[in-house]
Number of protein chains: 2
Amino acid sequence: MDLTIAEENYLKAIYHLSEGGKKSVSTNDIAGEIQTKPASVSDMLRRLSDKHVIQYKKYYGLQITESGKQLALQTIRKHRLWEVFLVDKLQFAWDEVHEVAEQLEHIQSSLLIQRLDAFLNYPKFDPHGDPIPDEYGDVRSRPRIPLNEMNIDQVGQIVAVKDSSAAFLRYLDKVGAYIGARIKVLDKVEFDGSVEILVDQKKTLFMSKDVASNILVLQS
Amino acid sequence: MDLTIAEENYLKAIYHLSEGGKKSVSTNDIAGEIQTKPASVSDMLRRLSDKHVIQYKKYYGLQITESGKQLALQTIRKHRLWEVFLVDKLQFAWDEVHEVAEQLEHIQSSLLIQRLDAFLNYPKFDPHGDPIPDEYGDVRSRPRIPLNEMNIDQVGQIVAVKDSSAAFLRYLDKVGAYIGARIKVLDKVEFDGSVEILVDQKKTLFMSKDVASNILVLQS
DNA sequence: AAATTAAATTAGATATATCTAAAAAAAATG
DNA sequence: CATTTTTTTTAGATATATCTAATTTAATTT
């Protein structure tokens with residue numbers, strides 16, 4: 001039983017919200033995540049339930065099933081592999097890839113994804129630093145902490161961002177805080193939580209707590 | 001005014017049928033080309049006419065407009081570029097690419113196609129030997145003739161096939177008559193039109209007129 | 001616990017895309 | 001040229017996916 005593109009998008013949103021730590025996923029949450037109205041979500045939940053990718057009781061709540069989780073992970077796998085392709089092979093900037101990957105993730109061909117994976121040399125992380133599930137849906141994530149929670153003199157590498165809006169990504173690119181950059185915490189201001197960091201051992205950068213909390217660092 | 005995926009597919013079919021030499025394109029022809037029913041075609045013709053990509057008069061006939069032609073050519077451009085990608089970069093066999101390219105051709109991103117074109121080094125022909133329209137819709141096609149119309153001792157290169165069904169393509173691969181193969185006509189049997197050719201200066205091959213007429217050769 | 005507010009669902013519409021069956025128009029045939 | 005056949009179109013259904021407005025259920029407040 002195959003999913004339509006709309007169903008795949010809803011399921012991916014539900015998966016992301018489920019993994020996002022929140023105890024339960026509400027109709028309103030889903031509507032907010034995919035820019036639609038709660039009425040449309042209710043409709044879709046019934047359909048997803050019919051296809052057994054979620055368990056759903058009206059007015060009560062929902063839970064993603066194991067098969068639903070696997071389908072969502074495969075969509076995420078495709079999305080992130082295409083992002084690597086766009087950045088590594090087609091010289092896209094990392095803030096330009098999302099919209100196109102949203103389309104490419106729905107192409108149906110397991111051979112294509114196998115070959116693409118090999119062509120890209122089996123990448124484990126996408127350009128935003130998010131882990132790429134393998135063909136069995138397994139995800140190896142690295143322990144990452146927000147930049148504002150690091151201590152003075154600690155070093156690490158920027159591996160991901162929480163807020164991946166185009167505006168935020170452009171801001172980061174502009175100030176030179178790209179994914180992969182090696183950083184060292186030089187100073188932290190106690191009362192407002194802002195931080196000063198050294199990027200690639202040459203450039204110092206000040207940023208607010210707000211910005212720093214959206215940058216995830218792999219400590220080394 | 002953008003076209004839906006279904007509209008793009010109909011328009012592409014109409015373009016192919018229009019270019020196919022036939023004087024007029026019938027509802028039944030289109031239904032046959034796209035595997036749908038004539039009633040669905042009538043419906044779609046009305047919609048395509050509303051969007052001014054064809055001119056259409058009920059019971060009378062249709063003609064593709066200039067803007068329709070341009071849109072069709074851009075879809076064909078995308079299809080053929082993706083085919084080159086699949087064969088050159090992802091090691092797909094040339095008889096495995098069609099179905100996937102049918103999906104990829106609908107991805108909307110002009111930047112993507114620009115970059116893909118550059119990445120593939122601006123190819124002029126797809127793996128089946130068909131010309132790739134440029135970004136302005138211009139097509140430079142090579143003069144090609146069916147293999148059965150060549151004369152004895154003439155040499156050339158296989159550049160395309162008329163019948164691109166998977167069965168025919170697999171047959172060609174099996175006997176070693178791939179796209180790009182250099183051939184020489186050794187003999188022609190008058191009464192049944194069958195031909196004997198030399199492939200890559202080492203392998204001789206017999207084929208019926210039926211097969212030979214579906215193989216297009218660039219003479220040299 | 002009754003009243004209010006918030007969240008979720010249903011009812012009814014709209015748009016796309018398809019189908020079958022019936023009707024209308026054009027083409028072919030005797 | 002009237003009749004038959006073929007082609008094309010319309011009418012009416014179905015399925016997906018969405019919306020607004022109304023209703024129902026759950027949660028919160030007093």
Side-chain angles (χ1 to χ4, degrees), chain A residues 1-14 17-18 20 22-64 68 71-72 75 102-103 105-108, chain B residues 1-14 17-18 20 22-64 68 71-72 75 102-103 105-108:
Chain A
M1 179 123 57
D2 272 354
L3 299 184
T4 65
I5 289 178
E7 286 166 349
E8 268 185 16
N9 284 332
Y10 273 92
L11 190 60
K12 194 167 58 114
I14 290 167
L17 290 167
S18 300
K22 289 183 112 177
K23 50 229 151 278
S24 70
V25 179
S26 76
T27 301
N28 273 341
D29 287 344
I30 299 169
E33 181 87 359
I34 38 185
Q35 310 241 68
T36 185
K37 294 291 182 299
S40 308
V41 176
S42 285
D43 253 26
M44 184 56 89
L45 292 182
R46 195 180 29 71
R47 280 196 293 258
L48 291 176
S49 186
D50 289 346
K51 294 195 174 180
H52 306 106
V53 295
I54 62 169
Q55 268 190 298
Y56 171 56
K57 237 170 95 181
K58 292 195 307 189
Y59 294 108
Y60 200 83
L62 66 93
Q63 220 190 330
I64 195 164
L71 287 173
T75 305
E102 282 290 301
Q103 298 179 61
E105 73 186 6
H106 300 296
I107 303 291
Q108 290 187 353
Chain B
M1 177 123 58
D2 272 354
L3 300 184
T4 66
I5 289 177
E7 286 166 348
E8 269 185 14
N9 284 332
Y10 274 92
L11 190 59
K12 195 167 55 116
I14 290 167
L17 291 168
S18 299
K22 289 183 112 180
K23 51 232 149 275
S24 70
V25 179
S26 77
T27 302
N28 272 343
D29 287 344
I30 299 169
E33 180 89 357
I34 305 202
Q35 311 242 67
T36 185
K37 294 291 181 297
S40 308
V41 176
S42 283
D43 252 26
M44 184 56 90
L45 292 182
R46 196 180 28 72
R47 280 196 294 256
L48 291 176
S49 186
D50 289 347
K51 294 196 174 179
H52 306 106
V53 295
I54 62 170
Q55 267 190 299
Y56 170 57
K57 237 171 96 182
K58 291 197 305 189
Y59 293 108
Y60 198 82
L62 67 91
Q63 220 191 328
I64 194 163
L71 287 171
T75 305
E102 282 290 300
Q103 297 180 60
E105 73 186 7
H106 301 295
I107 303 291
Q108 289 186 355

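All heavy atoms count here, side chains included; hydrogens, waters and symmetry mates do not. Please read all numbers here as calculations on a predicted model, not as lab measurements. All chains are named by letter (A, B, ...) in the order of the sequence lines, taking the proteins before the strands, and each is independently numbered beginning at 1.
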What is the distance, to the nearest angstrom, from the [atom1] atom on [X] to the [atom2] atom on [N]?
{"X": "B:Leu11", "N": "C:dA17", "atom1": "CG", "atom2": "P", "value": "13 Å"}
{"X": "B:Lys51", "N": "C:dA17", "atom1": "NZ", "atom2": "P", "value": "7 Å"}
{"X": "B:Ile5", "N": "C:dA15", "atom1": "CD1", "atom2": "C1'", "value": "16 Å"}
{"X": "B:Ile30", "N": "D:dT7", "atom1": "CD1", "atom2": "P", "value": "14 Å"}
{"X": "A:Asp29", "N": "C:dA6", "atom1": "CG", "atom2": "P", "value": "16 Å"}
{"X": "A:Asn9", "N": "D:dT16", "atom1": "CG", "atom2": "P", "value": "16 Å"}

[X] vs [N]: side-chain N/O to OP1/OP2 distance below 4.0 Å:
{"X": "A:Tyr10", "N": "D:dT18", "value": "yes"}
{"X": "B:Thr36", "N": "C:dC19", "value": "yes"}
{"X": "B:Asn28", "N": "D:dT6", "value": "no"}
{"X": "A:Arg47", "N": "D:dT16", "value": "no"}

Report the residues that fulfil side-chain contact (heavy atoms from CB on, under 4.5 Å) with [X], sequence neighbours left out, ordered by chain and then residue number.
{"X": "B:Gln108", "value": "A:Gln103, B:Asp2, B:Glu8"}
{"X": "B:Ser26", "value": "B:Asn28, B:Asp29"}
{"X": "A:Ala39", "value": "none"}
{"X": "A:Ile34", "value": "A:Tyr10, A:Ala13, A:Ile30, A:Thr36"}

Item to check | side chain to side chain donor-acceptor pair (under 3.5 Å): pairs with one or both residues in residues 42-53 of chain B, sequence neighbours excluded | outcome: B:Glu7-B:Lys51

Checklist entry - By a strict heavy-atom criterion of less than 4.0 Å, which residues belonging to residues 37-46 of chain B are in contact with DNA chain D? => result B:Pro38, B:Ala39, B:Ser42

Item to check | Residues touching DNA chain D, which here means a heavy atom under 4.0 Å, drawn from residues 53-62 of chain A | outcome: A:Tyr59

Checklist outcome for this item: Tightest non-hydrogen contact, residues B:Pro38 and B:Ala31, listed as N-CB, 3.8 Å

Checklist outcome for this item: What one should report as the nearest heavy-atom pair of A:Gly68 and A:Leu11 is O-CD2, 3.4 Å

Next on the checklist: I'd like to check the salt bridge (charged side-chain N to carboxylate O under 4.0 Å, His left out) partners of A:Glu33; sequence neighbours left out, ordered by chain and number.
Outcome noted: none

Next on the checklist: Within the 4.5 Å heavy-atom criterion, are A:Gln63 and A:Val25 side-chain neighbours or not?
Outcome noted: no

